[in-house]
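Each chain gets a letter, A, B and so on, in the order the sequences are listed, and its residues count up from 1. In this text, all values refer to a predicted model and were calculated from it rather than measured experimentally.
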Protein chains: 2
Amino acid sequence: MRKLSSTNYYNQTFLEDKCALNELIHLLSKRWLTEVMFSIEEGNSRFSSLKEDLKHISDNILADRLKLLEQYKLIVRNNHLGEVPARVEYSLTETGEKLSDLLGGLCNFAENQMEFPS
Amino acid sequence: MRKLSSTNYYNQTFLEDKCALNELIHLLSKRWLTEVMFSIEEGNSRFSSLKEDLKHISDNILADRLKLLEQYKLIVRNNHLGEVPARVEYSLTETGEKLSDLLGGLCNFAENQMEFPS
DNA sequence: CTGTATCCGATAAGATACTG
DNA sequence: CAGTATCTTATCGGATACAG
């Protein structure tokens, strides 16, 4: 639960305060996060179906990414209360869909106009 | 110089191979990288003027980010050979300018349509 | 089924000192 | 002026075990 080593922490918050883009990119850079978003967009709404679709993801990472996406209001969590076994469904918010579109454009750019070294 | 702890390394390359977007985001997520790009776009072409513009960046980080941007062909390095003291100028490539535009759109989205927690 | 808790190795940022 | 080399600390991803 500790953090902030002076400059390291300071610089990160400085950059995030300066421009929201830095905070967004920091979020997007978390491994699997965009994949989880795209997988939900494609119709995988359950924890188990996401886990199956993203073959190599682990439970704790998937749970963490879902929590993050929910906190940033990019997805909504629909808990079907009281059902046993538990049933939860996720879906994109409007903001989430908009972001997904923008990332589509960026993806197209990355694949067609960028040259990656080695 | 060592790396790859099996799954950790494997998953990263798996995701980068699957979609170039992941590799691009991984690049953009390096701290200061977009700031360096934007600062060059605004006319800061020298190492020293970038360092002055981005007040809290350290030498080794700035040097590393410039090297990365050059490797990905987002900037070009123009070495004025034989001048003493050394003089080097950086500028955006066409690809760099295109990426900068796209990031502008993403930045606009981040600042106007996203809600950041806490 | 849908998660949480703890631990460990790998990577990234930055401080400091030094170089052509 | 424009960097490089070495080292320390913080953060991140993943394995494993467990819980409501």
Side-chain angles (χ1 to χ4, degrees), chain A residues 1-16 22 25-33 35-36 40 44-52 54-70 75 77-90, chain B residues 1-16 22 25-33 35-36 40 44-52 54-70 75 77-90:
Chain A
M1 214 37 99
R2 291 184 58 251
K3 50 180 169 179
L4 74 126
S5 77
S6 234
T7 311
N8 188 342
Y9 177 78
Y10 172 78
N11 278 346
Q12 181 65 30
T13 55
F14 168 76
L15 289 172
E16 292 184 355
N22 288 311
I25 287 178
H26 185 67
L27 176 70
L28 295 175
S29 74
K30 275 153 196 287
R31 200 180 287 177
W32 298 105
L33 193 130
E35 307 295 327
V36 173
I40 292 175
N44 296 298
S45 59
R46 312 274 304 269
F47 192 94
S48 50
S49 89
L50 287 165
K51 196 164 152 50
E52 189 183 2
L54 309 169
K55 294 187 174 49
H56 307 294
I57 199 170
S58 62
D59 290 356
N60 47 2
I61 299 293
L62 178 53
D64 178 73
R65 298 303 117 97
L66 287 168
K67 205 177 294 178
L68 278 171
L69 286 166
E70 195 193 359
I75 63 173
R77 181 177 193 276
N78 189 348
N79 190 342
H80 298 263
L81 293 160
E83 296 188 19
V84 178
R87 191 160 74 87
V88 177
E89 289 188 321
Y90 296 96
Chain B
M1 212 40 95
R2 290 184 58 251
K3 49 179 168 180
L4 76 126
S5 77
S6 234
T7 311
N8 188 341
Y9 177 78
Y10 172 78
N11 278 346
Q12 181 65 29
T13 55
F14 168 76
L15 289 172
E16 292 185 354
N22 288 311
I25 287 177
H26 186 66
L27 176 69
L28 295 175
S29 73
K30 275 153 198 286
R31 201 179 286 176
W32 297 106
L33 193 130
E35 307 296 327
V36 172
I40 292 175
N44 296 298
S45 59
R46 312 275 303 268
F47 192 95
S48 50
S49 89
L50 288 165
K51 197 164 152 51
E52 188 183 2
L54 309 169
K55 294 188 173 48
H56 308 293
I57 199 170
S58 62
D59 290 355
N60 47 3
I61 300 293
L62 177 53
D64 178 72
R65 298 303 116 99
L66 288 168
K67 207 177 291 180
L68 279 170
L69 286 167
E70 195 192 359
I75 62 173
R77 181 178 193 277
N78 190 348
N79 190 343
H80 299 263
L81 293 160
E83 295 188 19
V84 178
R87 191 160 75 87
V88 176
E89 289 188 322
Y90 296 97

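- Of the two residues near DNA chain C, A/L66 and A/Q12, the one whose nearest nucleotide lies more 5' is A/L66.
- Contact check, B/K67 against D/dT4: a side-chain N or O comes under 4.0 Å of OP1 or OP2.
- For B/R77 and D/dA2, the shortest distance from a side-chain N or O to OP1 or OP2 is not below 4.0 Å.
- The side-chain hydrogen bond (donor to acceptor under 3.5 Å, both in side chains) search around A/E16 returns A/Q12, not counting sequence neighbours.
- With a 4.5 Å cut-off on side-chain heavy atoms, B/V36 and B/I57 count as touching.
- Of the candidate nucleotides C/dA12, D/dG14, D/dG13, D/dG14 has the atom nearest to the side chain of A/W32.
- One finds a side-chain N or O of B/H26 lying less than 4.0 angstrom from the OP1 or OP2 phosphate oxygen of C/dA12.
- Each of A/N11 and A/V88 has a nearest nucleotide on DNA chain C; the 5'-most of these lies closest to A/V88.
- In this structure, CD1 on B/I61 lies 11.0 Å from CG on B/L33, to the nearest 0.5 angstrom.
- Between the C1' atom of C/dT2 and the CG atom of A/N78 lies a distance of 14 Å, rounded to the nearest Å.
- For the pair B/I40 CD1 and D/dA2 C1', the interatomic distance rounds to 14 Å; values are reported in whole Å.
- Of the candidate nucleotides C/dT2, D/dG13, D/dT4, D/dT4 has the atom nearest to the side chain of B/A63.
- Applying the side-chain contact (heavy atoms from CB on, under 4.5 Å) test to B/S49 and every residue at least two apart in sequence or in another chain returns B/N44, B/R46.
- Between the CG atom of A/L15 and the P atom of C/dA12 there is a distance of 17 Å, rounded to whole Å.
- Contact between the side-chain N/O atoms of B/T7 and the OP1/OP2 oxygens of D/dA15 is found at a separation under 4.0 Å.
- In this structure, B/K51 does not reach the D/dC1 phosphate: none of its side-chain N or O atoms is under 4.0 Å from OP1 or OP2.
- Residues passing the side-chain hydrogen bond (donor to acceptor under 3.5 Å, both in side chains) test with A/S58, sequence neighbours excluded: A/N60.
- Look at CG on B/L68: it is 15 Å from P on C/dT11, rounded to the nearest Å.
- In this structure, the side-chain contact (heavy atoms from CB on, under 4.5 Å) partners of B/S45, at least two apart in sequence or on a different chain, are B/E89.
- Comparing the helix axis at one end of the helix from C/dC1-D/dG20 to C/dG20-D/dC1 with that at the other, each defined from 5 consecutive pairs, gives an inter-axis angle of 50° (nearest 10°).
- Closest approach of B/R31 to A/N11, counting heavy atoms only: NH1-CB, 3.9 Å.
- What separates CD of B/E52 from C1' of D/dA2 is a distance of 15 Å, to the nearest Å.
- One interatomic measurement links the two molecules: CG of B/N44 to P of D/dA2, which rounds to 12 Å at whole-angstrom precision.
- Phosphate contact (OP1/OP2 of C/dG14, side-chain N/O of B/R31, threshold under 4.0 Å): present.
- For A/N8 and D/dT8, the CG to C1' distance is 12 Å, given to the nearest whole Å.
- Here C/dG3 presents its C1' atom at 17 Å from CZ of A/R87, a figure rounded to the nearest Å.
- Among C/dA12, D/dG3, C/dT4, the nucleotide with an atom closest to any side-chain atom of B/F47 is D/dG3.
- Every residue meeting the side-chain hydrogen bond (donor to acceptor under 3.5 Å, both in side chains) condition with A/D59, not counting sequence neighbours, appears here in chain and number order: A/K51.
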For nucleotides 16-20 of chain C, print each protein N/O atom paired with a nucleotide N/O atom at under 3.5 Å, atom names and distance only.
none

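- Taking the side chain as every heavy atom from C-beta outward, B/V88 and B/N78 never approach each other to under 4.5 Å.
- When each of D/dC1, C/dG14, C/dG3 is scored by its nearest atom to the side-chain atoms of B/R46, the top-ranked nucleotide is D/dC1.
- For B/S48, the side-chain atoms get nearest to D/dC1 when compared with the rest of D/dC1, C/dA13, D/dG14.
- For the ring-ring contact (aromatic ring centres under 6.0 Å, His included) test, no residue two or more places apart in sequence or in another chain qualifies with B/H26.
- Under 4.0 angstrom from either OP1 or OP2 of C/dG3 there lies at least one side-chain N or O belonging to A/Y90.
- No side-chain heavy atom of A/L62 sits under 4.5 Å from any side-chain heavy atom of A/W32.
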